[in-house]
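Working notes, beginning with the structure itself.
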Amino acid sequence: MDRQDTLWNKSNVIQKVRMGKKVEKALSKDKNPSSATHVEDDNPNKTPEPYKCIGNFLTDFNELCKQNGMAVIPPVVTRPKPPGPASGGNEGKPDKKGDKNKQPVPEPEPEVELNEDGEPIEPPPKTYSTRDKFEYFKPSVQVELDNNDKWDSVSEIFIRGWKIDTPMMDNFQQSWPTLERLHTINLWYTGLSEDTLHTLAVFLPQCTNIKNVLLDGNPVKEENWAELIGEESLVQNLSLRHCKITDKGSAGLGRALGTAKVANTKLLSLNLTGNDIGDPGAESLAGGLRMNRTLMSLTLTSNKVGDKGVAKISEALSRFPLSHEEVVERRKLISDRGSPERNKSPPPSRRAESKDRPGSVRSMTTQDKTKQKPSAKKKDVKGRDAKEETKTVKKDKEDTRGGGKRALWAQQTNPNAGTGRMSSASVAAEATKTMGKTKDKKKDKGKSSNQEAELAESPVSSPELEIVNMDSQDLINPLLEVADYMDGQLWIAGNRTLINLNLARNNISETGMSSLLKAIQYQTTLTSGNRSGGTGLMRLVINKNSVRPENEVMAKLSEKMMLKDPFYKPPITPEGETA
């Protein structure tokens, strides 16, 4: 028995040893991951990797706010819409022919709830939902989705009534450019500053489909609004209502609209209602209208514009003399347009036939070639070319005598170069003849390629005709338009692209209205036969100024604009015919 006890004890010891080893192994396995996590926690100052936006605005905005350590993250919600009409138009109407005799099953009336006194409790309304009284004022980012429940289809963003600081604008700078369908941004009373406005202007060109920017109710002391419509801007409609813009801010906007060297080519509508713009500011905007040919609507309602400012705007819309800077830039543009042809070296075989060489140094080989009779094989092909070359030689001789169109152009571009002063009628007549030739060629040929070929073969060639016959698809620089030389100055036609001008609720008297009337009359005369440069003003709003509606000038203005207004409907007479 003793021997059996000893064997039993040994076996128990062996089992305990084996069990102990298994426990140690298990404990060692548990210690390894804990040690790894401990190593990871040893570096708490390690900066996380920057978040890369994926185009899902809801996810991107929340992740960016968390990364920047924002305590309160404004929720991103879809913009609330008014309830639609009750869907019950087909109630009670049978859907099938077999259901004609069937009547709609009436819905069971809900049980009326009673209060403690036994009176019925009025149920909540179904046309709207009630919320906490402070929930409406909590900051939120409202969006419009092209596709419901798809946050990568955000097309419009509305932020209203809470301040957008620099960190929040940085979040927008990273998330908004990734939204491919975003075309409208509306920031209403968001407390923009110089820095946040600059940041917005920097990343807006990265939003490829952006068109509408509304920043109403954001007074900025520095007034750096011009950055929004810089050279790289894609904004088409800009609204800056009630932003306390003064003459300082409008001066920057005027320079951004257009100068002698550069002009905005994207902006179509500019709304400056309810600001503090006076005559100097209106003159700055008029300076931008001189060289701008894309802006179609300008709203200056409820400002401080007077007669001087309106006179400058009227001048920009009718016609105006070029300043020294504009004349210099005009000559540069003309020189740049002509330099490729003048500096182009003709091929050796046609060097003698080049019109760039004066007639006195033409080689005899050219004359011999023109006198030679073409061979029988090439007679039909070159017969027309020989006649045109003869016409070209005759035209060059006329130009050397000083009676050609180049002499007229020299007088137009350089008044001191000619012996006499160029009349405005001559330039207008030449432009009319040129436009008439172009129209006849369009009727005869019917194709733009044939028209360009005939223009190239035309024996008459001058920079003036080249400017008038520019490609209609390209934006014509106003400085390259036909100019009239009068009283020692070059005058060009004004802006005829602007079709809507709103000057209501300003300080305009009868004098300012008279200048507007003259501008409208000039535009009507100029665009009566040719509207290639624009139609001119079609809608003018001038009510509630310092002139009564019964005034004679106001009556004439109303009569002129009534027929041009596209929304005007003539009154119907009792006979049923329009007056």
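As the structure is a computational prediction, the values presented were derived from the model and not from experiment. In what follows, every heavy atom counts, from backbone to side chain, and hydrogens, waters and symmetry copies are set aside.
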Checklist entry - Quick one: do the N212 and T184 side chains pair a donor with an acceptor below 3.5 Å? => result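 Yes - a donor-acceptor pair under 3.5 Å links their side chains.
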
Next on the checklist: Checking F172 now: which residues fulfil ring-ring contact (aromatic ring centres under 6.0 Å, His included) with it, not counting sequence neighbours?
Outcome noted: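 Testing F172 for ring-ring contact (aromatic ring centres under 6.0 Å, His included), a comparison that skips the adjacent residues, returns F61, W176.
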
Item to check | Crowding at CD, E232 (>12 non-hydrogen neighbours, <6.0 Å) | outcome: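 Result for CD/E232: open.
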
Item to check | Flag if over 12 foreign heavy atoms under 6.0 Å of CD, E222 | outcome: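 Yes.
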
Give a yes or no answer on whether the side chain of [X] reaches the backbone of [Y] with a donor-acceptor pair at less than 3.5 Å.
X    : Y    : result
E326 : S323 : yes
R330 : L479 : yes
D60  : N56  : yes
D247 : G281 : yes
T178 : C53  : no
S175 : N171 : yes
S515 : G512 : yes
N218 : T190 : yes
N275 : I277 : no
S153 : K150 : yes

Item to check | Stepwise side chain to side chain contact (heavy atoms under 4.5 Å, CB included) test for L322 and I492 | outcome: CA-CA 7 Å; L322 296 179; I492 65 174; 3.6 Å; yes

Item to check | Option from I520, L516, L517 for which side-chain contact (heavy atoms from CB on, under 4.5 Å) with S314 holds | outcome: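 Result: among I520, L516, L517, L516 is the only option passing the side-chain contact (heavy atoms from CB on, under 4.5 Å) with S314.
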
Item to check | Residue of the set L501, V305, N506, N545 for which side-chain contact (heavy atoms from CB on, under 4.5 Å) holds with V310 | outcome: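 When L501, V305, N506, N545 are each tested with V310, the side-chain contact (heavy atoms from CB on, under 4.5 Å) holds only for V305.
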
Between [Y] and [X], is there a side-chain heavy-atom distance shorter than 4.5 Å?
X    : Y    : result
I157 : N186 : no
T497 : L295 : no
V154 : L145 : yes
V141 : V77  : no
T299 : L270 : no
V76  : W151 : yes
I229 : L253 : yes
Q523 : L317 : yes

Report the distance from atom [atom1] of [X] to atom [atom2] of [Y], rounding to the nearest 0.5 Å.
X    : Y    : atom1 : atom2 : result
S558 : I542 : OG    : CD1   : 6.0 Å
R331 : L333 : CZ    : CG    : 12.5 Å
L179 : I185 : CG    : CD1   : 9.0 Å
L58  : D152 : CG    : CG    : 11.0 Å
S318 : L526 : OG    : CG    : 10.0 Å
L480 : E329 : CG    : CD    : 9.5 Å

Checklist entry - Would T78 and Q142 satisfy side-chain hydrogen bond (donor to acceptor under 3.5 Å, both in side chains), going step by step from the backbone distance to the final call? => result CA-CA 5 Å; T78 56; Q142 300 179 3; over 6 Å; no

Salt bridge (charged side-chain N to carboxylate O under 4.0 Å, His left out) partners for [X], two or more places apart:
X    : value
E552 : K556
E315 : R290
D146 : R181

Tell me the closest heavy-atom pair linking [X] and [Y], and the distance in Å.
X    : Y    : answer
A263 : M291 : CB-O, 3.7 Å
L490 : A483 : CD2-CB, 4.1 Å
Y522 : R319 : OH-CD, 3.5 Å
T294 : K266 : OG1-N, 4.2 Å
T535 : M538 : OG1-SD, 3.6 Å
D276 : N303 : N-OD1, 3.6 Å

Checklist entry - With S509, which residues qualify under side chain to side chain contact (heavy atoms under 4.5 Å, CB included), at least two apart? => result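 With sequence neighbours excluded, S509 shows a side chain to side chain contact (heavy atoms under 4.5 Å, CB included) to D307, T511, given in chain and number order.
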
Checklist entry - How would you list, by chain and number, every residue that makes a side chain to side chain contact (heavy atoms under 4.5 Å, CB included) with L268, sequence neighbours excluded? => result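 Testing L268 for side chain to side chain contact (heavy atoms under 4.5 Å, CB included), a comparison that skips the adjacent residues, returns Q236, N237, M296.
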
Next on the checklist: Show me the pairs that pass side-chain hydrogen bond (donor to acceptor under 3.5 Å, both in side chains) and involve residues 249-263, at least two apart or across chains.
Outcome noted: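 Listed once each, the pairs would be none.
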
Under 3.5 Å, side-chain donor or acceptor atoms of residues 197-209 against the rest of the protein: list the pairs with distances, not counting sequence neighbours.
| residue | atom | partner | partner atom | Å |
| --- | --- | --- | --- | --- |
| H198 | ND1 | E227 | OE1 | 2.9 |
| T199 | OG1 | D195 | O | 2.9 |
| N209 | ND2 | E180 | O | 2.4 |

Tabulate below the donor-acceptor pairs under 3.5 Å that side-chain atoms of residues 158-170 make, not counting sequence neighbours, or state none.
| residue | atom | partner | partner atom | Å |
| --- | --- | --- | --- | --- |
| W162 | NE1 | S140 | O | 3.1 |
| K163 | NZ | G191 | O | 3.0 |
| D165 | OD1 | M168 | N | 3.1 |

Listed once per pair and sorted, the salt bridge (charged side-chain N to carboxylate O under 4.0 Å, His left out) pairs that draw on [range], sequence neighbours left out:
range            : result
residues 537-549 : none
residues 511-525 : none
residues 205-221 : D216-R241

Next on the checklist: Does L272 form a side chain to side chain contact (heavy atoms under 4.5 Å, CB included) with T301? I'd like the steps, not just the answer.
Outcome noted: CA-CA 7 Å; L272 299 174; T301 308; over 6 Å; no

Checklist entry - Between N271, N500, N502, which is the residue that forms a side-chain hydrogen bond (donor to acceptor under 3.5 Å, both in side chains) with S297? => result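 That would be N500; it is the only one of N271, N500, N502 passing the side-chain hydrogen bond (donor to acceptor under 3.5 Å, both in side chains) with S297.
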
